[in-house]
Visitor: 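Below: one structure in structure tokens.
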Amino acid sequence: MEVDWLEDFLALNSTGVFAKAAHARNISQSAFTRRIKNLEHWVGVPLFDRSRYPVVLTAAGKEFRKTAHQTVRSLRIVKEDLHQISRRDCEVLNITALHTLAISFLPTWLKNMSESIGSVNTSLSVENFSGCVESLMAGTDDFMLCYDHPAVMTLTDDTRFPSIKITEDRLVAVSGVDVNGEALFGFEQQGKLPFLGYSSESFLGRLSEISIERAAIADKLELRYETSVAEVQKAACVEGLGIAWLPYMSVEPMLTTGSLRRISNAYSERTMAVKLYRSMERSNISMERFWTLARTLSSDLN
């Protein structure tokens, strides 16, 4: 008897259709059907009533379902435990982060964390907003570093995906400069302003729309460039292609050197939190130490 047969059994019980179950298990229907027959041969009795469509469990199948669930679950737990034992001395924290935070914030923050708990081994994946959320929810990563604002929905299940406010950033409008160091564009100018926008599904795209609405400047903007990556926006802005709404942490060095100019005011700008999220379904010693320290260091912000 093979473990795959048990998972096939549970998949067919869930769908009731051989074709759907085979697709879910990523094997051909003929191979799937053969494995179900092998399981029934091993058990010695039919587990499914094939005279009905969708197929349903026989009385024996209903009884066997309990054992199948328990066995698969127990084996998964044992497998995870064994992996944790083998990785305990060199556990890697899997972190997914927005492009901008991965560049402008994460390296310095990880350095500060390492100074408190020692070397932190990390595997970093850089995604857009939806990619980060999907990665955490799918269990691919241990932590997610992302922006948060009440007006933009992120993860609402605080029990399953709790978060810690690490710091704050601010979304500001900036422009490239001319040879004299003056802003190329400003909201007080007449006519249309070239606008570097975000894709609509991105977090910064949603928040910049709120900022633009608050500043009542939507009619003045003419979209010239669109991307979901703030670092690309910044590079285009420096080249004088238009104005952009960017996180202050990412443009602060350029504002200091004068290669960019801040053209928004406090009324139109939006403050956003930088949050660390985790999945409560994943846990090991390194994760818990990291989470505890992050919560301790940010306690004055929460």
Side-chain angles (χ1 to χ4, degrees), residues 96-108 126-133 145-154 167-275:
T96 182
L98 293 176
H99 296 84
T100 305
L101 290 173
I103 295 171
S104 63
F105 176 74
L106 187 61
T108 301
V126 180
E127 297 281 355
N128 58 22
F129 176 65
S130 59
C132 285
V133 173
L145 194 65
C146 195
Y147 290 119
D148 180 76
H149 187 276
V152 181
M153 182 173 294
T154 51
T167 187
E168 288 184 343
D169 201 352
R170 195 168 183 83
L171 196 64
V172 301
V174 297
S175 165
V177 299
D178 59 22
V179 293
N180 298 315
E182 298 298 322
L184 289 171
F185 310 104
F187 297 134
E188 72 285 350
Q189 292 177 210
Q190 297 297 316
K192 295 286 187 178
L193 295 175
F195 175 53
L196 312 178
Y198 296 96
S199 52
S200 58
E201 74 276 4
S202 68
F203 177 92
L204 294 179
R206 299 174 195 175
L207 195 58
S208 61
E209 288 176 359
I210 296 172
S211 298
I212 291 168
E213 181 180 349
R214 188 175 180 86
I217 55 172
D219 292 341
K220 292 180 64 67
L221 303 180
E222 183 177 71
L223 184 64
R224 296 283 183 84
Y225 196 94
E226 183 178 278
T227 178
S228 61
V229 182
E231 293 300 313
V232 178
Q233 295 269 35
K234 182 170 67 175
C237 197
V238 170
E239 293 299 324
L241 297 183
I243 67 169
W245 291 87
L246 293 165
Y248 181 79
M249 283 194 294
S250 72
V251 297
E252 183 178 11
M254 294 181 170
L255 293 175
T256 301
T257 60
S259 56
L260 286 177
R261 289 291 182 187
R262 187 173 182 171
I263 61 173
S264 56
N265 55 37
Y267 177 77
S268 61
E269 295 170 357
R270 300 288 86 198
T271 297
M272 50 193 178
V274 176
K275 284 190 173 184

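Below, all heavy atoms of this structure are taken into account, side chains as well, without hydrogens, waters or symmetry copies. What you see is a predicted model, and the numbers here were worked out from it, not measured in a lab.
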Visitor: I'd like to know if the side chain of Glu127 pairs up with that of Thr96 as donor and acceptor (distance under 3.5 Å, no hydrogens or angles considered).
Guide: no
Visitor: Are the charged groups of Glu209 and Arg206 less than 4.0 angstrom apart, N to O?
Guide: no
Visitor: Give me the atom names and distance for the closest heavy-atom approach of Ala151 to Ile210.
Guide: CB-CD1, 3.3 Å
Visitor: Any non-hydrogen side-chain atom of Tyr147 less than 4.5 Å from a side-chain atom of Thr100?
Guide: yes
Visitor: For Leu106 and Leu101: C-alpha separation, side-chain torsions, deciding distance, then whether side-chain contact (heavy atoms from CB on, under 4.5 Å) applies.
Guide: CA-CA 6 Å; Leu106 187 61; Leu101 290 173; 5.7 Å; no
Visitor: In Å, rounded to the nearest 0.5 Å, how long is the span from OG of Ser268 to CD1 of Ile263?
Guide: 9.0 Å
Visitor: Report yes or no: does Ser202 contribute a side-chain atom to a donor-acceptor pair with the main-chain N or O of Ser228 at less than 3.5 Å?
Guide: no
Visitor: In Å, rounded to the nearest 0.5 Å, how long is the span from CG of Leu204 to CG of Asn128?
Guide: 11.0 Å
Visitor: So which atom in Arg262 and which in Leu255 form the shortest heavy-atom distance, rounded to 0.1 Å?
Guide: N-CD2, 3.6 Å
Visitor: Whether Arg170 and Glu168 form a salt bridge (side-chain N of Lys/Arg under 4.0 Å from carboxylate O of Asp/Glu) is what I want to check.
Guide: no
Visitor: Which heavy-atom pair separates Thr271 from His149 by the least distance, and what is that distance?
Guide: O-CD2, 3.1 Å
Visitor: Give a yes or no on whether the backbone of Leu246 and the side-chain of Gln233 come within a donor-acceptor separation of less than 3.5 Å.
Guide: no
Visitor: Between Phe187 and Asn265, does a side-chain contact (heavy atoms from CB on, under 4.5 Å) hold up when you go through it step by step?
Guide: CA-CA 10 Å; Phe187 297 134; Asn265 55 37; over 6 Å; no
Visitor: For a side-chain contact (heavy atoms from CB on, under 4.5 Å) check, start with the C-alpha distance between Val238 and Leu260, then their side-chain angles and the critical distance, and finish with the verdict.
Guide: CA-CA 6 Å; Val238 170; Leu260 286 177; 3.8 Å; yes
Visitor: Working to the nearest 0.5 angstrom, can you tell me the gap between Trp245 CH2 and Leu207 CG?
Guide: 9.5 Å
Visitor: Is a donor on one side and an acceptor on the other found under 3.5 Å between the side chain of Lys192 and the backbone of Asp219?
Guide: yes
Visitor: Using a 4.5 Å cut-off on heavy atoms from C-beta on, say whether the side chain of Val152 contacts that of Met272.
Guide: no
Visitor: State, to 0.1 Å, how close Ser199 and Glu226 come at their nearest heavy-atom pair, and which atoms those are.
Guide: N-CG, 3.8 Å
Visitor: Looking only at heavy atoms, what is the nearest atom pair of Lys234 and Ser250, with distance?
Guide: NZ-O, 2.9 Å
Visitor: Which value, rounded to the nearest 0.5 Å, describes the distance between Leu145 atom CG and Phe105 atom CZ?
Guide: 6.0 Å
Visitor: If I take atom OG1 from residue Thr227 and atom OH from residue Tyr198, how far apart are they, to the nearest 0.5 angstrom?
Guide: 9.0 Å
Visitor: Counting distance only, does the side-chain N/O of Asp169 pair as donor-acceptor with the main-chain N or O of Tyr248 below 3.5 Å?
Guide: yes
Visitor: Determine yes or no for a side-chain-to-main-chain donor-acceptor pair under 3.5 angstrom, with Arg261 supplying the side chain and Glu182 the backbone.
Guide: no
Visitor: If we ignore hydrogens and angles and just use 3.5 Å, is the side chain of Ser175 paired with the main-chain N or O of Phe185 as donor and acceptor?
Guide: yes
Visitor: Mark yes when over 12 heavy atoms from residues, nucleotides or ligands other than Gln189 sit less than 6.0 Å from its CD; otherwise mark no.
Guide: yes
Visitor: What are the two closest heavy atoms between Val174 and Cys237, and how far apart are they?
Guide: O-SG, 3.4 Å
Visitor: Can you tell me how far NE2 of His99 sits from OG of Ser104, rounded to the nearest 0.5 angstrom?
Guide: 12.5 Å
